[in-house]
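Input: a single structure, listed below in structure tokens.
None of these values were measured; they are calculated from a predicted model.
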Amino acid sequence: MEKYQRIYQDLLKDLHNQVYLPGDFLPSDGKLVLRYQVSRETVRKAVKALASDGYVQRLPGKGSVVLDRKHFVFPVSTLESYREMVSQANLNASNDVISIEPNVEVPEKLTLSDSSMLASLVERRRRVDGEATVLDYDYVNQETVATVPHEAAQKSLFDYFENQLGLQIDYAIKRMTVEKSNARDRQLLHVDEKMAMVVIRSETRLADNRILSYTESRHRADRFTSVEFARRRKV
């Protein structure tokens, strides 16, 4: 691990543990230089990474102020459960199970085919700090998972699949679009028709390549951030 990454991780841990609250300033670059015995450039690189990931804002002549993160960073290129994401971000989040309906055909917009796979449709609403921000529609393959208990939907589907059923989740293919809010969004997320929605549609497969589920995750655009790491390839 490079020196700036260690500083980044230490500061991130302090943010998660609420050592620094929204509106607080991080220690100055000079203080961090003395604490870690590194160059000023190394400290700046670490704090710049925090700013890029939406944790702080650099204010010229003042320092780095901690931001109020009422949304979580959604990892498009990794495969994590909602519970894992909010735990890592140290968010006050809750989960409403709206309905669980068996024997539902998966919409074509998710399968991109004429698949007639029957699924259990799990509809859930996610809240952050009491505010409804996400709607999830999980179509769980009934050939793989016969039923989805309410408790599993309330707690974590991934935990149920892996730790109770012993399934090995391998990968997901995700597609992201920005769309207008629909009637269901407006009803359950309490947004108006002007609110844009970031929609993530994904297909999740097991290690033996069986389809586990199709998911449509609908995020309020004003509460959505996606941060990814990209390296330019040399040609």
Please say yes or no: joined through hydrophobic side-chain contacts below 4.5 Å, possibly via intermediate residues, are V19 and V43 part of one cluster?
yes
Tell me which donor-acceptor pairs under 3.5 Å the side chains of residues 31-39 have, and how far apart each pair is, sequence neighbours excluded?
unit_1	atom_1	unit_2	atom_2	d
Y36	OH	D10	OD2	2.9
Q37	NE2	L34	O	2.7
S39	OG	T42	N	3.2
S39	OG	T42	OG1	3.0

Can you tell me how far apart CD (E162) and CG (L157) are? Round to the nearest 0.5 Å.
11.0 Å
Side chain to side chain contact (heavy atoms under 4.5 Å, CB included) test vs T204 passes for just one of V140, L212, I211, namely L212
Name all residues meeting the salt bridge (Lys or Arg N to Asp or Glu O under 4.0 Å) criterion together with R220; count only those two or more places apart in sequence or in a different chain, and write none if there are none.
E131, D222
Can you confirm whether the side chains of N103 and Q142 place a donor and an acceptor under 3.5 Å from each other?
yes
What distance separates Y20 OH from Y55 OH, expressed to the nearest 0.5 Å?
16.0 Å
Among side-chain atoms of R6 and Q9, is any donor-acceptor pair under 3.5 angstrom?
no
D96: salt bridge (Lys or Arg N to Asp or Glu O under 4.0 Å) partners, not counting sequence neighbours:
R125, R127
Between T215 and D138, is there a side-chain donor-acceptor contact under 3.5 Å, judged purely by atom types and distance?
yes
Report, one line per pair, each donor and acceptor closer than 3.5 Å where one atom sits in a side chain of residues 194-203; sequence neighbours left out.
unit_1	atom_1	unit_2	atom_2	d
R201	NE	E216	OE1	3.2
R201	NH1	E179	OE2	2.8
R201	NH2	E179	OE1	3.3
R201	NH2	E179	OE2	3.2
E203	OE2	R205	NE	2.6
E203	OE2	R205	NH2	3.0

A146 and S120: which non-hydrogen atoms are nearest, and at how many Å?
O-OG, 4.2 Å
Sub-3.5 Å donor-acceptor pair from the side chain of N95 to the main-chain atoms of Q154, do we have one?
yes
Closest non-hydrogen contact found for H150 with I100 is CA-CD1, 3.7 Å
Under the 3.5 angstrom rule, does the side chain of D159 hit a backbone N or O of S156 as a donor-acceptor pair?
no
Give every donor-acceptor pair under 3.5 Å between a side-chain atom in residues 58-66 and any protein atom, sequence neighbours left out.
unit_1	atom_1	unit_2	atom_2	d
R58	NH1	D29	OD1	3.3
R58	NH1	S64	OG	2.9
R58	NH2	D29	OD2	3.2

Backbone N or O of Y160 within a donor-acceptor pair of the N163 side chain at under 3.5 Å?
no
Tell me, with the steps shown, if E105 and Y139 meet side chain to side chain contact (heavy atoms under 4.5 Å, CB included).
CA-CA 8 Å; E105 287 196 9; Y139 294 82; over 6 Å; no
Got a sec, which residues hit salt bridge (Lys or Arg N to Asp or Glu O under 4.0 Å) with D208, two or more places apart in sequence or on another chain?
R210
Hey, what do you get for CG (D185) to CG (N182), rounding to the nearest 0.5 Å?
3.5 Å
Closest approach of R186 to D192 (non-hydrogen atoms, all atoms of both residues):
CD-C, 3.8 Å
